[in-house]
Amino acid sequence: MPITPANGGSAETAGTAAPSGSAEPIMLELVDEDGTTIGTAEKLSAHLAPGKLHRAFSVFLFDDEGRLLLQRRALGKYHSPGVWSNTCCGHPYPGEPPFVAAARRTAEELGTAPALLREAGTVRYNHPDPASGLVEQEYNHLFAGLVRATPRPDPEEIGEIAFVTPDELEKLRDEGPFSAWFMTVLDAARPTVRELTGTAAGW
């Protein structure tokens with residue numbers, strides 16, 4: 001399970017800048033329990049306790065051997081810094097389709113586009129982050145796919161990456177912290193992940 005540090009910026013940090021300039025606040029879509037858009041809120045305010053239910057996405061990319069690409073979130077992240085998590089996660093801009101947002105953000109953070117990306121369902125959760133006091137109240141659109149190009153992670157977003165088997169994932173979870181939402185989104189995406197990677201991969 002080689003762990004690769006991020007060592008060069010390959011994309012702009014869109015997670016900290018709005019599409020038209022860094023001076024503008026980042027807005028998220030607020031949704032109801034059915035995932036219907038009901039308004040917008042500034043990104044940080046949506047995560048202040050008790051949290052506002054908003055639209056999000058989570059991506060799981062695998063190599064051709066069926067290993068999951070993990071990222072360790074950069075230490076400079078305002079939310080859950082320095083913890084391992086799934087390949088990519090984030091929030092669509094208001095009016096942006098989740099699939100488009102997932103592909104865009106994967107390219108921005110990892111410097112490569114998925115070779116294949118498919119929908120893997122949705123999951124709604126409420127996960128407080130004890131370290132920051134922020135709360136993830138999310139209606140999360142899940143995606144699973146394949147990556148064949150070598151990732152070039154943006155160090156302002158990602159500290160390290162690793163491709164892991166299910167057994168290696170369990171060992172890594174024993175060694176260090178993961179994002180509060182990681183197992184919730186992975187378990188919800190597993191049926192599509194298994195279709196994508198095959199039974200031999202063990203997911």
Side-chain angles (χ1 to χ4, degrees), residues 9-61 69 71 73-74 76-81 83 85-114 116-129 131-145 147 153-158 179-182 184-186 188-189 192:
S10 60
E12 295 179 3
T13 53
T16 56
S20 58
S22 59
E24 296 183 13
I26 299 172
M27 304 301 290
L28 309 183
E29 279 190 357
L30 300 181
V31 300
D32 63 17
E33 294 293 338
D34 296 317
T36 302
T37 302
I38 58 172
T40 61
E42 188 274 329
K43 183 177 179 180
L44 181 57
S45 71
H47 291 86
L48 296 177
K52 299 175 183 176
L53 184 59
H54 57 275
R55 194 178 310 282
F57 64 83
S58 288
V59 177
F60 297 86
L61 295 184
L69 175 56
Q71 65 156 281
R73 293 165 63 85
K77 302 282 282 186
Y78 79 97
H79 192 338
S80 301
V83 303
S85 196
N86 50 295
T87 309
C88 181
C89 56
H91 310 92
Y93 295 126
E96 182 182 29
F99 185 94
V100 173
R104 168 183 61 78
R105 197 72 185 118
T106 299
E108 290 170 349
E109 290 194 3
L110 290 161
T112 186
L116 172 74
L117 192 65
R118 64 172 64 166
E119 295 182 0
T122 60
V123 62
R124 190 260 194 259
Y125 53 76
N126 173 9
H127 283 306
D129 175 32
S132 67
L134 300 175
V135 177
E136 289 288 9
Q137 288 268 16
E138 293 190 329
Y139 187 94
N140 197 310
H141 298 255
L142 309 173
F143 300 92
V147 59
D154 178 351
E156 293 192 30
E157 299 290 344
I158 298 173
S179 62
W181 61 87
F182 175 76
T184 299
V185 292
L186 175 58
T192 302

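What you are looking at is a predicted structure, and each value in this text was computed from that prediction instead of being measured.
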* To do: Check the pair Leu186, Asn86 against side-chain contact (heavy atoms from CB on, under 4.5 Å), reporting the backbone distance first and the verdict last.
  => CA-CA 8 Å; Leu186 175 58; Asn86 50 295; over 6 Å; no
* To do: Measure up the His127 and Tyr125 rings against each other and bin them: parallel (under 30°), tilted (30 to 60°), perpendicular (over 60°).
  =>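 Aromatic pair His127/Tyr125 classed tilted.
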* Asked: What is the ring orientation for Phe60 with Phe182, classed by angle as parallel under 30°, tilted 30 to 60°, or perpendicular over 60°?
  ->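 The arrangement is tilted - the two ring planes meet at 30° to 60°.
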* Before giving the answer on side-chain contact (heavy atoms from CB on, under 4.5 Å), spell out for Glu119 and Phe143 the whole-Å C-alpha distance, their side-chain angles and the decisive distance to 0.1 Å. => CA-CA 5 Å; Glu119 295 182 0; Phe143 300 92; 3.6 Å; yes
Between [atom1] of [X] and [atom2] of [Y], what distance do you get to the nearest 0.5 Å?
X      : Y      : atom1 : atom2 : result
Phe57  : Glu96  : CZ    : CD    : 7.5 Å
Thr40  : Tyr93  : OG1   : OH    : 14.5 Å
Leu48  : Leu134 : CG    : CG    : 6.5 Å
Ile158 : Cys88  : CD1   : SG    : 7.0 Å

[X] side chain to [Y] backbone, donor-acceptor under 3.5 Å:
X      : Y      : answer
Asp34  : Thr36  : no
Thr87  : Leu61  : yes
Asn126 : Gln137 : no
Arg73  : Ser80  : yes
Asn140 : Ser58  : yes

Locate the shortest heavy-atom distance separating [X] from [Y]; write the atom from each residue and the value.
X      : Y      : value
Glu109 : Cys89  : OE2-O, 4.0 Å
Ser179 : Val83  : N-CG2, 3.7 Å
Ala180 : Pro128 : CB-O, 4.0 Å
Leu53  : Glu138 : CD1-C, 3.6 Å
Ala189 : Leu142 : N-CD1, 3.8 Å
Arg55  : Gly35  : NH2-O, 2.8 Å

* To do: Please assess His141 against Tyr139 for the test ring-ring contact (aromatic ring centres under 6.0 Å, His included), listing each intermediate value before the final yes or no.
  => CA-CA 7 Å; His141 298 255; Tyr139 187 94; 5.6 Å; yes
* To do: Return yes if a side-chain donor-acceptor contact under 3.5 Å exists between His54 and Glu29, otherwise no.
  =>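 Checked: His54/Glu29 side chains show no N/O donor-acceptor pair below 3.5 Å.
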* Asked: Are any non-hydrogen side-chain atoms of Val59 and Leu117 less than 4.5 angstrom apart?
  ->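 Yes. Closest side-chain heavy atoms under 4.5 Å.
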* Asked: Mind checking whether His47 and Glu136 have side chains closer than 4.5 Å, heavy atoms only?
  ->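 SC-SC contact between His47 and Glu136 confirmed.
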